[in-house]
Participant: 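Please find one structure pasted underneath; my questions will follow.
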Amino acid sequence: MRQKLKCSYTVEAAFTMGILIFAVTHGILWAYGVKNRTVGAMMLEEAVEWIRSDEQCPLAEEAGAGMERLGFGITVRSEGERVDGTVSGAGWEREISMKRFRPEEFLRKISVIEGKLEDGNSLSEGDQP
């Protein structure tokens, strides 16, 4: 009592498995692409933060070598009150622009707020520094 299978079942199974393996592979490659874009954007943000705060990056040479190994090209430009950065990889590019960090401006705003609170005044929309 041996039952024979038709050949079409085997061919259909092979075709279905091929599509399934292709879809899984495509999903894995897509996930690596998302990871690469995220790593590149975070590296760019860190570089812009270093420049924006007028600090010397202690790991600049190691970071540059790491970016080359990962396939990223990062450029940071400082023009006036803005710091602009660009990162590019295999077929993608991201940009970021930030104002320079001015701690004296922040301290001035905090002193105005503290002065108003010490005088017993409340802060409203029109009183913001």
Participant: How long is the gap from OG1 on Thr75 to CD on Glu95, to the nearest 0.5 Å?
Facilitator: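 With rounding to 0.5 Å, OG1 (Thr75) is 8.5 Å from CD (Glu95).
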Participant: Listed by chain and number, what are the side chain to side chain contact (heavy atoms under 4.5 Å, CB included) partners of Thr16, not counting sequence neighbours?
Facilitator: none
Participant: From Ile113 CD1 over to Ile110 CD1, what is the distance, rounded to the nearest 0.5 angstrom?
Facilitator: 4.5 Å
Participant: Is Trp92 reachable from Met43 through a run of hydrophobic residues whose side-chain heavy atoms are each under 4.5 Å from the next?
Facilitator: yes
Participant: Mind checking side-chain hydrogen bond (donor to acceptor under 3.5 Å, both in side chains) for Ser78 and listing every partner two or more places apart, or none if nothing turns up?
Facilitator: Arg100
Participant: Compare all side-chain heavy atoms of Leu117 with those of Glu114 and state whether any distance is below 4.5 angstrom.
Facilitator: no
Participant: Nearest 0.5 Å, what's the CZ-CZ distance between Arg52 and Arg82?
Facilitator: 9.5 Å
Participant: Applying salt bridge (charged side-chain N to carboxylate O under 4.0 Å, His left out), name anything that partners Glu79, two or more places apart in sequence or on another chain.
Facilitator: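 Counting only residues at least two positions away or on another chain, Glu79 forms no salt bridge (charged side-chain N to carboxylate O under 4.0 Å, His left out).
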Participant: Any sub-3.5 Å donor-acceptor pair from Arg77's side-chain atoms to Val83's backbone N or O?
Facilitator: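 Answer holds: no.
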Participant: Check step by step if side-chain contact (heavy atoms from CB on, under 4.5 Å) holds for Glu45 and Ile96.
Facilitator: CA-CA 7 Å; Glu45 199 273 334; Ile96 190 171; 4.0 Å; yes
Participant: Does a side-chain heavy-atom distance below 4.5 Å link Thr86 with Asp84?
Facilitator: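 A side-chain contact is absent here, since even the closest heavy-atom pair is not under 4.5 Å.
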Participant: State the CD1-NE2 distance between Ile19 and His26, to the nearest 0.5 angstrom.
Facilitator: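 Going from CD1 on Ile19 over to NE2 on His26, the span is 14.0 Å.
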Participant: What are the two closest non-hydrogen atoms of Ala47 and Val76, and how far apart are they?
Facilitator: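 Here Ala47 and Val76 meet closest at CB-CG2, 4.1 Å.
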